There are 2 protein chains.
Amino acid sequence: MPYLKMQPVEMESVDCRIMTSALDLFVERGFHNVSVHDVQRRANVSIGSIYNHFGSKEGLAKSLYYHLVKEFEEMVEDIIDEDLSIRERCNQLIWQLLEYTETRRNIVAFMLHAKHREFLPDEPPVCSAAPFKAMRNIVQQGMATGEIRDGDPWVVASTVFGGAIRLIHLRLDGVINQPITLYYDELVDCTWLGISPTMDSVLREQAV
Amino acid sequence: MPYLKMQPVEMESVDCRIMTSALDLFVERGFHNVSVHDVQRRANVSIGSIYNHFGSKEGLAKSLYYHLVKEFEEMVEDIIDEDLSIRERCNQLIWQLLEYTETRRNIVAFMLHAKHREFLPDEPPVCSAAPFKAMRNIVQQGMATGEIRDGDPWVVASTVFGGAIRLIHLRLDGVINQPITLYYDELVDCTWLGISPTMDSVLREQAV
DNA sequence: GTCTATACGCTGATAGAC
DNA sequence: GTCTATCAGCGTATAGAC
């Protein structure tokens with residue numbers, strides 16, 4: 001059952017069936033452990049069809065990759081377009097990342113887990129793609145407005161999203177067995193307030 | 001030039017040359033884009049030799065993997081054996097991770113970046129290997145002694161090390177162009193105190 | 001545009017001399 | 001234990017009918 005967001009066109013296009021099958025197989029076994037025959041079989045099309053549509057196995061992977069980056073980018077854009085504080089934006093992003101991991105596991109797995117350089121040698125790394133740049137942008141805005149601690153953009157951005165991404169990896173690897181959306185509140189607390197318990201006491205004292 | 005830590009034995013053993021060559025090639029091109037012939041050529045041995053020592057390409061990868069996990073584990077054990085507070089232990093670990101990334105790039109890349117499941121299907125994910133368990137253990141101890149904010153172990157551990165691991169990935173991907181050891185101090189601050197600037201002000205106010 | 005049958009290169013692995 | 005020569009199978013890609 002294809003579940004990729006498709007452009008206006010028909011939902012059941014051959015392209016979509018092929019890409020969906022490819023995505024699932026690539027995530028299950030890894031790009032190099034999937035033959036074009038495998039994709040062909042799962043998508044219920046002929047090999048000729050695949051080569052007609054995508055030119056090569058690499059071409060198929062590339063199309064799929066672009067498609068997913070775009071979908072991801074739109075998600076980020078949607079959040080940016082909402083009228084939110086920087087902090088709320090970051091949290092919203094973290095939430096969506098966790099939620100995507102649960103509801104569209106393979107998309108996240110392909111974006112975050114797959115080592116594209118191995119089969120798309122000319123592609124820059126994912127983290128330099130548009131959506132990731134947008135994420136870092138948000139962080140920098142936050143530093144400018146004073147909503148986020150000032151410092152090196154890389155360090156701060158890594159701290160903001162590093163915890164979430166780490167949780168996602170653990171979940172994808174099957175080390176964590178429950179939906180990570182359950183961890184959202186606690187994760188956000190840890191990230192913004194830090195893991196040092198002294199800060200807690202400071203706050204508590206203040207509250208008293 | 002082989003740079004793997006070798007057991008007591010001679011530093012220039014054939015095993016070591018083969019494993020070092022394999023490590024470099026695997027990291028450069030990915031396991032599946034490296035043929036046994038490639039390894040053989042770089043290590044200046046014959047194919048027969050490789051099959052004699054390791055039985056198969058997968059056997060070579062497995063030996064290499066075990067070797068590196070062990071080396072990593074020893075690093076963690078060394079830190080645990082030192083007489084340090086939990087917090088210092090965590091920081092020491094973070095430092096070592098950053099430093100390893102700079103001085104033994106390929107080892108870290110192979111451990112953190114490589115998707116072992118693709119070529120070692122029966123291997124559990126890296127993050128469930130001994131050294132990672134030890135890292136989570138330290139965090140749990142910290143929660144027990146009150147040195148670390150109490151909470152779900154996964155979330156807290158991900159927050160403690162997530163930032164560092166994220167930085168390492170960015171560095172390995174070539175997105176960050178300077179040694180990440182430079183970021184150590186700031187990273188540790190962000191992690192323990194959180195990225196919320198309000199905490200800073202709280203502290204500052206307190207200090208006044 | 002879709003299909004089947006086929007070609008051809010590469011790579012993991014072995015045999016057997018030294 | 002080390003080497004070279006060789007095999008067998010798989011997997012990408014194409015040719016050509018429909």
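It should be emphasised that the depicted structure is a prediction, and the values quoted were computed from it without experimental measurement.
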query: Can you list the residues that meet the salt bridge (charged side-chain N to carboxylate O under 4.0 Å, His left out) rule with A:Arg105, with sequence neighbours excluded?
result: none
message: Holding to salt bridge (charged side-chain N to carboxylate O under 4.0 Å, His left out), I want the full list of residues that pass it with B:Glu102, two or more places apart in sequence or in another chain.
response: B:Arg171
query: Would B:Thr159 and B:Trp192 count as a side chain to side chain contact (heavy atoms under 4.5 Å, CB included) if you check the C-alpha gap in whole Å, the side-chain angles of each, and the deciding distance to 0.1 Å?
result: CA-CA 9 Å; B:Thr159 310; B:Trp192 289 94; over 6 Å; no
task: Please work out whether the ring planes of B:Phe110 and B:His116 are parallel, tilted or perpendicular, with thresholds of 30° and 60°.
output: perpendicular
With the criterion being N/O to N/O and under 3.5 Å, what pairs connect the protein with nucleotides 10-14 of chain D, and how long is each?
from   : atom 1 : to      : atom 2 : distance (Å)
D:dT12 : OP1    : A:Lys57 : NZ     : 2.8
D:dT12 : OP2    : A:Val36 : N      : 2.8
D:dA13 : OP2    : A:Tyr51 : OH     : 3.3
D:dA13 : OP2    : A:Lys57 : N      : 3.0

A:Asp15 side chain near A:Phe54 side chain, heavy-atom distance below 4.5 Å: yes
task: With sequence neighbours excluded, give me every side chain to side chain donor-acceptor pair (under 3.5 Å) pair touching residues 118-136 of chain B.
output: B:Tyr66-B:Glu123, B:Lys115-B:Glu118
query: Taking any atom under 4.0 angstrom from a heavy atom of chain A, which nucleotides of DNA chain C are the first and last to qualify, 5' to 3'?
result: C:dT2 to C:dT4
Distance-only donor-acceptor hits, side chain of residues 174-184 of chain A, under 3.5 Å, sequence neighbours excluded:
from     : atom 1 : to       : atom 2 : distance (Å)
A:Gln178 : NE2    : A:Tyr183 : OH     : 3.4

